Amino acid sequence: MRPPVKTEIENLLSKAIGEVFTAGDASPPLEIERTRDTQHGHFSSNIAMRLAKMLGKSPRDIAADIVEALPESDQVAAVDIAGPGFINFRLAPDAFHAELHKIICAEEKYGNSDLGGKRKVNLEYVSANPTGPLHVGHGRHAAYGACVANLLIATGHDVHQEYYVNDAGRQMDIIALSVWLRALQAQGQKFNFPAGAYQGEYVQTIAAELGSAEMPDGLFEALPEDGDAQLDLLIQRVCEALGEEGFDAILEVALDNILADIRDDLGEFGVHPDEWFSEKSLTSSGAVDRALKLLAENDVTYEKDGATWFRAIDYGDEKDRVVVRDNGRTTYFASDIAYHLHKRERGFEDLIDIWGADHHGYVARVTAGLEAMGQPTECLHVELVQFVALYRAGKKVQMSTRSGDFVTLRQLREEVGNDAARLFFVMRSNEQHLDFDLDLAKSKSNENPVYYLQYAHARVCSVMAQLAERGLSWDDETALRALPQLVEEHEQSLMLTLTRFPEIVEAATLQRAPQHVVHYLKELAQEFHAYYNAHKFIVDDDGLRNARIMLVLATRQVMRNGLGLLGVTAPDKM
RNA sequence: GCGCCCGUAGCUCAGCUGGAUAGAGCGCUGCCCUCCGGAGGCAGAGGUCAGAGGUUCGAAUCCUCUUGGGCGCGCCA
C-alpha cells in the first residue's frame, strides 16, 4: 500500500535536500505542514528558511536549489516558492483519488499506522480509591484514558491498560468501619455516625449484606474531639472486638462490592482495563520490600525520627519523603514507587499515568523514586486531568465528596447517555477545566456536538438507503474511473480533509490529545453537511453518481473510525 | 510564601508542539429545500491573542517579569 500523501512529500523533499547538501552536518528536522489556505497549495515546507542561517544564503535561493533537485512524482502537480521562502506543494488529483480508494479498502483500519512500532506501553488510569462509586470526575479520567488507549493501539503500540486498586491503607479501614457501623444501626443500635466516615447510601447497601453485627462494649466511650483520631480509635476498637480476621472479612466484603460496582460502571461506559492491579499484592509479593532494599543499596535512604526517609531532594523533589513510618508501616509512596518499578520489570518501555490535577505535586516524587532506582526518568509520562464542573440550567451543580453529595458517573450516564458523556469528557484538553453542560449534552439539537457528528454518519446511511430504494447500487469500478469528475469545490475540500485523518490520529497520539480528533470530526461533519446541501449525490449520470457515493462513503468511514477512537457510537439511524 | 496549570470574539472553546490575512460553535443581523433526513446549509457584524520586555527571517505558540483565576505543598491515599 502506498504511503500517506504527507510521507510521500517528505520522502521527495529529503531526497532533494540530500542531493543539494551532501555535507553531513546537522540539518534542521524536515517539517511538512498542511497549508491553511489552498492558495498556497496543499503542503508547505519551511526548510529553506531553516537552512538559511547555516548556509549563509537567502532562503529563496536555497528553495530554488531544492526545487531544482526535487524528483518527479505523479502525486505532485506543482511546486512553487512563495513568501519568504516557503516551498509549496500542490497535489495531483490522482493523489486524492488514490487516498479515497485507500479509505474504502482499509475500512476500519484507515488512520491506523505503525508509528508505535509495537512499543510496550503501560497506561494506568482512573485508579479511584475503592471506597465508593465513581463520580463524574472519574468519568473524565475513564473517557480520556480509554481514548488515549485507543489512539495508542491504532498507531501500533502494544498497550496494557491498568487500574491501580488502592486496597491497602487507612481509607480502606475507614470504609470497613463505616460499613460495620451502618450494620449496627440497621439492627437498631443508636449512635451518631462519625462525620469522617463514609456517608453515602451505598455503605448501607453493603452493610445489609453483612448480616448480624454485635455492638462491642464501650465502643463510643471517651472518644477524642479530633475527627481523625476518633476514627483511628474506632477502627482500633472494632479490630480488637472482631479480631484482625473479622475486620479483614468486612473490608473484603466492602472492597468486593465497590470494585464490582466500579467494574460494571466502567464496562457499561466502554472502558475495559486489562488488569486490576492490587496495591496490597505489592506488599504480599515482596515488591515493596525489594524496592526499599534497592533504595537502601543505592544509599538514598536514611533514618530520622524513627522513620525511613528517601532522599528525594537529591533527585529534584522539594523535600525528602518518608517510605517507612515510625510505626513500621510502609507509606503509600513506598507502594507507588514499588509499583512503578514493577511496571518496568514487567517490560514496559513507557509508563503513562493519568492522574487528577490535584496530584501534580506527586510527579516529582515518583520521578525521583524511579531515577533513584536506576530507571530512566523519560520512561514516565504523567498526564493530569483537570476537574469537571456540571452545569444545569446555566447554574453550577454543587458537589462535595465528603458529604456523599456528589453526582456519580452512573447518574450522569443515565441522564445524558454514554455517547454524550464520552464525547463531552474528551472535547476539551485534559489539562483544562471542563464545564459540562448537562442540558446541552441532552438536547437533540444542532448545538449538541454529539448529534452533529452522528447525524453526518446517519445521513450517509440514509443516502445509501435511498439509493437502494431507487433500485440503484454503488459500483467501485465505475466510481474509480469517474473520480476525475469530482471537480466541485466542496468535493475538493472534502477530499483534502479526509486525507488529513491519519495525520490527526498521529498528532493526537503523540500529544495524548483526543480533543484533536473531536475538532477534526466537527470540521469533517461541517464540510459534509455543506456538500450535502450544495449538491445532490444521487444523480442520473452513472459515473458522477458513483464517484460522489464513493466520496460520501469514505466520509462515513472516516467519521466512523474517528468516533470509534473516541468511544462514541456511529448509528445508522437517529 | 514556594511549585504546577490556565488567561484567545459578548459566552464556550480550537489553533496540528514557531509559519503566510488568528478560527469554530452559541448568541446577534439577514437569507436558503417542489430536493438523498432542516438534528442541515449560506452570508454579515464581532479581536490590543491578559499586560510588558526578550529570543529570530517570523511569536497566540518559546524565555523572563507583572497581573487575574484554579490546584497543590501530610509519617492521607
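Numbers restart at 1 for each chain; the letters A, B, ... are given by sequence-line order, proteins then strands. Treat the numbers as computed from the prediction; the structure is a model and nothing was measured. No hydrogens, no waters, no symmetry mates; every other heavy atom, side chains included, goes into these values.
- Across the strands present, B/rC36 finds no partner; the criterion is a Watson-Crick or G-U wobble pair with both atom distances under 3.5 angstrom.
- Between A/I62 and A/K57, the closest side-chain pair of non-hydrogen atoms falls below 4.5 Å.
- Across all strands shown, B/rG46 forms no Watson-Crick or G-U wobble pair with both key distances under 3.5 Å.
- For the side chain to side chain donor-acceptor pair (under 3.5 Å) test, residues two or more places apart in sequence or in another chain that qualify with A/S127 are A/E124.
- Following rounding to the nearest Å, A/K280 (NZ) and B/rA77 (C1') show an atom-to-atom distance of 15 Å.
- Summary of the strand contacts: A/Y531 and A/M574 both lie near RNA chain B, and taking for each the nucleotide with the nearest heavy atom, the more 5' one is attributed to A/Y531.
- For A/N533, counting side-chain heavy atoms from C-beta on, the closest listed nucleotide (B/rG19, B/rG70, B/rG41) is B/rG41.
- Nucleic acid contact for A/R428: sugar-phosphate only, since backbone atoms but no base atoms lie under 4.0 Å from a heavy atom of the residue.
- Rounding to whole angstrom units, NE2 of residue A/H519 and C1' of B/rU12 are separated by 11 Å.
- Within the structure, a side-chain polar atom (N or O) of A/Y452 is placed less than 4.0 Å from OP1 or OP2 of B/rG41.
- The separation between A/K57 atom NZ and B/rC57 atom C1' is 17 Å, rounded to whole Å.
- Taking a pair to require two hydrogen-bonding distances under 3.5 Å in either a Watson-Crick or a G-U wobble arrangement, B/rA24 pairs with B/rU12.
- Using a 4.0 Å heavy-atom distance criterion, A/S429 is classed as a sugar-phosphate-only contact.
- When every heavy atom of A/I32 is checked against every heavy atom of A/S45, the shortest pair comes out as CD1-CB, 4.2 Å.
- Residues A/H516 and A/H519 keep their aromatic ring centres 6.0 Å or farther apart.
- Note on A/R329: every side-chain N or O is 4.0 Å or more away from OP1 and OP2 of B/rC76.
- The two residues A/I549 and A/F537 make their nearest non-hydrogen contact at CD1-CB, 4.3 Å.
- The distance between atom CZ of A/R50 and atom C1' of B/rU55, rounded to the nearest whole Å, is 14 Å.
- The listed nucleotides are B/rC5, B/rA14, B/rA22; the one nearest the side chain of A/Q432 is B/rA14.
- Taking the C1' atom of each, B/rG44 and B/rC6 are spaced 33 Å apart, rounded to whole Å.
- Contact of A/T35 with B/rA20 (side chain to base): no donor-acceptor pair of N or O atoms is detected under 3.5 Å.
- Environment of CG in A/D37: crowded, with over 12 heavy atoms of neighbouring residues, nucleotides or ligands closer than 6.0 Å.
- Using a 30° and 60° split on the angle between ring planes, A/H529 and A/Y455 fall in the parallel class, below 30°.
- With P as the reference atom, B/rC16 and B/rA22 are 16 Å apart, rounded to whole Å.
- The aromatic ring centroids of A/Y391 and A/F436 lie 6.0 Å or more from each other.
- Residues of residues 354-367 of chain A having a heavy atom closer than 4.0 Å to RNA chain B, listed by number: A/A357, A/D358, A/H359, A/H360, A/Y362.
- The side chain of A/Q526 contributes an N or O atom lying less than 4.0 Å from OP1 or OP2 of B/rC42.
- Under 4.0 angstrom from either OP1 or OP2 of B/rC76 there lies at least one side-chain N or O belonging to A/R325.
- Remark: A/K343 qualifies as a cation-pi partner of A/Y339 under the 6.0 Å distance and 45° angle criteria applied to the six-membered ring.
- With both ends at atom P, the span from B/rA59 to B/rA14 equals 23 Å, rounded to whole Å.
- Taking the side chain of A/R170 as heavy atoms from C-beta on, and the options B/rG41, B/rC76, B/rC71, the nearest nucleotide is B/rC76.
- Closest to the side chain of A/N129, from the set B/rA77, B/rC13, B/rC16, is B/rA77.
- Contact check, A/Q39 against B/rU21: no side-chain N or O comes under 4.0 Å of OP1 or OP2.
- One finds a side-chain N or O of A/K319 lying less than 4.0 angstrom from the OP1 or OP2 phosphate oxygen of B/rG74.
- As rounded to the nearest Å, B/rC49 and B/rG30 have P atoms that lie 31 Å from one another.
- Within a 6.0 Å radius of CD in A/Q511, more than 12 heavy atoms belonging to other residues, nucleotides or ligands are found.
- Under the 6.0 Å distance and 45° angle rule, A/R500 does not count as a cation-pi partner of A/Y520.
- Along RNA chain B, the nucleotide closest to A/D37 and the one closest to A/F387 are compared, and the more 5′ of them pairs with A/D37.
- For the segment residues 546-555 of chain A, the set of residues with a heavy atom within less than 4.0 Å of an atom of RNA chain B is empty.
- The listed nucleotides are B/rG3, B/rG15, B/rC16; the one nearest the side chain of A/Q515 is B/rG15.
- Atom name C1', nucleotides B/rG70 and B/rA9: the rounded distance is 23 Å, in whole Å.
- Pair assignment for B/rG72 gives B/rC2, based on Watson-Crick or G-U wobble hydrogen-bonding distances that are each under 3.5 Å.
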